[in-house]
Amino acid sequence: MEKTYQPSEIEQSWYQTWEKNGYFKPSNEGPSYSIMIPPPNVTGSLHMGHAFQDSIMDALTRYHRMKGHNTLWQVGTDHAGIATQMVVERKLAAEEGKTRHDLGREAFLDKIWEWKEESGDTITRQLRRLGASVDWEHERFTMDDGFYKAVQEVFVRLYKDDLIYRGKRLVNWDPKLHTAISDLEVENKDKKGHMWHFRYPLANGLLTSEGKNYIVVATTRPETMLGDTGVAVNAKDPRYQDLIGKNIVLPIVNRLIPIVADDHADMEKGTGCVKITPAHDFNDNLVGKRCNLAMINIFDKNAAILAEAEVYDVNGNPSDAFDAALPKEFAGMDRFDARKAIVSELDEMGLLEEVKEHDLVAPYGDRSGVVIEPLLTDQWFVRAGPLADPAIKAVEDGEIQFVPKQYENMYFSWMRDIQDWCISRQLWWGHRIPAWYDAEGNIYVGRTEAEVRKENNIDDSVSLKQDDDVLDTWFSSALWTFGTLGWPEATERLKTFHPTDVLVTGFDIIFFWVARMIMMTMHFMKDEDGKPQVPFKYVYVTGLIRDENGDKMSKSKGNVLDPLDMIDGIELETLVEKRTGNMMQPQLAEKIAKRTRKAFSEGISAHGTDALRFTLFSLASTGRDINWDMKRLEGYRNFCNKIWNAARYVLMNTEDQNCGQNDEAFELSLADKWIISRLQQTEAAIEKQITDFRLDLASQTLYDFIWNEYCDWYLELSKPILTSEQSSDALKLGTRRTLVRVLETVLRLAHPFIPFITEEIWQRVAPLAGKSGDTIMNQAYPVQDVSKIDELALGDVEWLKGVILAIRNIRGEMDISPAKAIPVFLRAGNAEDKRRFEDNAGFISSLAKLESMQWLGQQEAPMSATQLVGGMEVLVPMAGLINVEAEVARLNKELDKAAKEIGRLEGKLNNEKFVSNAPDDVVVKEKAKLSGAQSQQAKLKEQLAKISEL
RNA sequence: AGGACUAUAGCUCAGUUGGUUAGAGCACUACCUUGACAUGGUAGGGGUCGGCAGUUCGAAUCUGCCUAGUCCUACCA
């Protein structure tokens, strides 16, 4: 093996070998296990969050593959409607100065496909670098031909089941992107704004009970008054009761609109009068429905004022109940300009009563960042209620379990109050809605135009036009678990791998994706008994990866880390360039550059994929956000290095030697028995931790075992055996055998976490351990063998460690050079101590670097520094070298501690309630501690007395 | 407004059903280039577990209140 561990030299070549040999494909043997990758945006690149989730999925996949399961990790990408279209539009504008409209729909779509081909392999390349063992042969895309079929099938069937409908509804309109978006794509942000109070004159000379000829309404959106079709008051409000059913004259437009009674109007708030704009406010829309108010749309697609309004009745049908004319001076005016103009006009008219500062929450489009406008448009909706019911039940019944469980509450609260889902988007990139219209506007839904004509007996003389809109990206992603497996065909893959086992994803897309996947899957997938199938049994919800300060990583903050930079390293200047180049807000570049230079003054060094993955696992306690810490990454790179060097040691001592491959007679030392026992316990622990989705604990267990037990103790204990001339050949063989076999097992144990280094080393170690095979990937995952746990050996090594640590401790405190061999006495131990001493003197001498060791029993000992191991004293004779003052101080400190401990324990044990209430084993344990502490105290006193004589 | 989560060593985090002297990594101190490894070894310092009450023989762990922070949902005409 190379002397130094260099991940870059092993990782990529192993991945290629694995992929070439088809190791990632399902084996088609054993019980099925499947995971669907959450499809990343095809034109995007992987960030740390992906690396985190994908590493978890890969560990689970590799673990189950090694368990002998027929394992599929399905890979694919998402077409990501708006996001992708925006990227290409921006590119088009920058490079050619054109808009998509300049190109036209088809040419623009060609451009996107081109861009997809060009940039699409970024993601797949990154996945390969992470070691993801996905089934590349069946890679899918949410807009490939198969998905196209699945989406059409779902749309048509939902339409026929009356679960999809089209209608003129108030939707969230993005005036920049010119499309409707769903509730989930709206971000509500706090904002400083104003509240305007306007006087609306009463019609026909009416007066309020206070004798005024107007009522006062308050609004944060004055411009919408052009679309007011009523004013609501509370029916119980004595101030306005008499006015209900009467009219006001809407200023500026002079529209006669009614005063209606509705509970939406709160007597306690404002003036108690609410202007109602059913076409531009969701609450008002509901009031309008209840009170039979017309809807007047005053905005065009840019949210600028129309020259002529669109008037609809309460059901959304065109109506001439009101004059559609709008004042000419506002025509074409942007909504925010119109706001100013209208306020000043009302002010001039003497109708502005008051303006107040006001904190409000405004809706913003999550992609465009502009204020969303509620707008009346024709859209397609999924009737979510009926789909949600079984989806709620599946989680209630535990058919689907969230990890951690608290996310179920979030899921339930959203699902139990679910709103219909607006699925049409006025975009070009996406699944075009399979609906056709004739000249009269009749709607025909079907898989193809031909099918539509046939089913509805429409011959070719009638021209049909397909709906221009496309479906929300999440509509197709919702079909991911079964669409990827070949549905609507009844494929073997579908039968084998559905339902899938676990979905690993972030909490931020529980509503967008997880909930909708559950609804769609349960509606379309049924098992043999016709029972709805769930898409997955577990939803493992991961936290977000944040930067070192706990801030969300974002390009505009300039704190984004690329997982590949963790792996390969990056020069400072390249990193600065990467973070500041191609920015949406170039003015931030300087700040980001400065920040980057400060945080990474040396750039980032290469750590390798294994170290990155291990770091991610170690931080993966469930459901918690992670603050990324470069120091942890370094620590785990060092861990990989440790494994590398341990393997070098093992190979140096075993390669070209007999390691017991052919069942020759061998003898196991205490150390061998101990490490084998600990290995069994470690295997059981890791097994449990993985099934509990506690990869953080599993990685910690591995780390501890490898570093703190195998390397620190076992390898050290193996040295005296291998080098001593007194050891028998059988014992040496036993040690070599154990060295390679434990290492080989640990490599398999660790492989799902750190696949590359384990494969590299395994290739050399496996033959020595009597194993054969082309790859560690297909070897059996280690399983605990209880019969190999030797309790006696476990106890003996604990004792051994205790003695060695005591001696090292004395060395440290007495400042004895580590190079100097020293004599040691053991005194006052019991028979068990004596046996252990006799059996293991060699180990102690070697690891504590002793010149001699002697059992004193109860005899007098020379002047010594002392440590206690259980009831036994470990003495290092100091022969006048002792620093009396220091030793007295040390003993006094020890005595203090012992006295405190005795006080605490006595208090406890003298408490009758404790003795009678606590379980017996706890009481026994405390009693043992007390007597231990008391004998320690006695011995310390004795030493103190002796040393004080000097 | 409702809800969830978080608060443990200087930093990043573990701590299973209440029963330890509260742990790890990094950082820190001292010593050590010993034939696997200085990306290392040995020893060590550092925490009244956010605060206050309560339940209990016993609380980092359970309950309540408070403080700080993060997030979600809804709404504020």
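Both backbone and side-chain heavy atoms feed into the values below; hydrogens, waters and symmetry mates do not. Just so we're on the same page: letters track the sequence lines, and every chain starts at 1.
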Testing the basics here: between A/R811 and A/A821, what is the closest heavy-atom pair and its distance to 0.1 Å? NH2-CA, 4.3 Å
Evaluation steps, side chain to side chain contact (heavy atoms under 4.5 Å, CB included), between A/H607 and A/Y636: CA-CA 9 Å; A/H607 296 86; A/Y636 293 117; over 6 Å; no
Suppose we call a contact any N or O donor and acceptor under 3.5 Å apart; does that hold for the side chain of A/K405 and the base of B/A4? no
For A/D692, answer base if it contacts any base atom (sugar-phosphate contacts may also be present), sugar-phosphate if it contacts only those atoms, and nothing otherwise; contact means non-hydrogen atoms under 4.0 Å. nothing
Under 3.5 Å between N/O atoms: give me all the protein pairs with nucleotides 15-17 of chain B, atom names plus distance.
| from | atom 1 | to | atom 2 | distance (Å) |
| --- | --- | --- | --- | --- |
| B/G15 | OP1 | A/R694 | NH1 | 3.1 |
| B/G15 | OP1 | A/R694 | NH2 | 3.0 |

Result block: side-chain N/O donor-acceptor pairs under 3.5 angstrom for residues 920-930 of chain A, not counting sequence neighbours:
| from | atom 1 | to | atom 2 | distance (Å) |
| --- | --- | --- | --- | --- |
| A/E926 | OE1 | A/K908 | NZ | 3.4 |
| A/E926 | OE2 | A/K929 | NZ | 3.1 |

Just N and O in the side chain of A/K642: are any of them under 4.0 Å from OP1 or OP2 of B/G40? no
Any base atoms under 4.0 Å from A/N409, or only sugar-phosphate, or nothing? Heavy atoms, all strands. nothing
Checking A/Q681 now: which residues fulfil side-chain contact (heavy atoms from CB on, under 4.5 Å) with it, not counting sequence neighbours? A/R678, A/I789, A/L794
Under 3.5 Å donor-acceptor pairs involving side-chain atoms of residues 716-723 of chain A, not counting sequence neighbours:
| from | atom 1 | to | atom 2 | distance (Å) |
| --- | --- | --- | --- | --- |
| A/E716 | OE1 | A/K719 | NZ | 3.4 |
| A/E716 | OE2 | A/K719 | NZ | 3.1 |
| A/S718 | OG | A/Y649 | OH | 2.8 |
| A/S718 | OG | A/L715 | O | 2.7 |
| A/T723 | OG1 | A/K719 | O | 2.7 |

Of the candidates B/A43, B/C71, B/A36, the side chain of A/L805 sits closest to B/A43
Annotated structure of RNA chain B as dot-bracket, pair cut-off 3.5 Å, Watson-Crick or G-U only, | for inter-strand, is (((((((..((((.....[...)))).(((((.......))))).....(((((..]....))))))))))))....
Sequence neighbours excluded - salt bridge (charged side-chain N to carboxylate O under 4.0 Å, His left out) pairs with any residue from residues 602-617 of chain A: A/D58-A/R613
Close N or O pairs between protein and nucleotides 72-74 of chain B (under 3.5 Å):
none

Main-chain N/O of A/D417 paired to A/Q419 side chain as donor or acceptor, under 3.5 Å: yes
Could you list the residues that satisfy ring-ring contact (aromatic ring centres under 6.0 Å, His included) with A/F639, not counting sequence neighbours? A/F614, A/Y703
Mind calculating the distance between NZ (A/K191) and P (B/C75) to the nearest angstrom? 18 Å
Once each nucleotide of nucleotides 19-32 of chain B is scored for protein heavy atoms under 4.0 Å, what B/S/- sequence comes out, 5' to 3'? BSS--SSS------
Can you tell me the distance, in whole Å, between the OH atom of A/Y411 and the C1' atom of B/C5? 21 Å
Could you list the donor-acceptor pairs under 3.5 angstrom formed by side chains in residues 276-289 of chain A, with sequence neighbours left out?
| from | atom 1 | to | atom 2 | distance (Å) |
| --- | --- | --- | --- | --- |
| A/T277 | OG1 | A/D228 | OD1 | 2.6 |
| A/T277 | OG1 | A/K275 | NZ | 3.0 |
| A/H280 | ND1 | A/P374 | O | 3.3 |
| A/H280 | NE2 | A/N297 | OD1 | 3.2 |
| A/H280 | NE2 | A/I298 | N | 3.0 |
| A/D281 | OD1 | A/N283 | N | 2.8 |
| A/D281 | OD1 | A/D284 | N | 2.9 |
| A/D284 | OD2 | A/T277 | N | 2.8 |
| A/N285 | OD1 | A/K289 | NZ | 3.1 |
| A/N285 | ND2 | A/P278 | O | 2.7 |

By ring-ring contact (aromatic ring centres under 6.0 Å, His included) - contacts of A/F402 (at least two apart): A/Y411
Between the side-chain atoms of A/E408 and the base atoms of B/A4, is any donor-acceptor pair under 3.5 Å? no
Salt bridge (Lys or Arg N to Asp or Glu O under 4.0 Å) against A/E187, all qualifying residues, sequence neighbours excluded: none
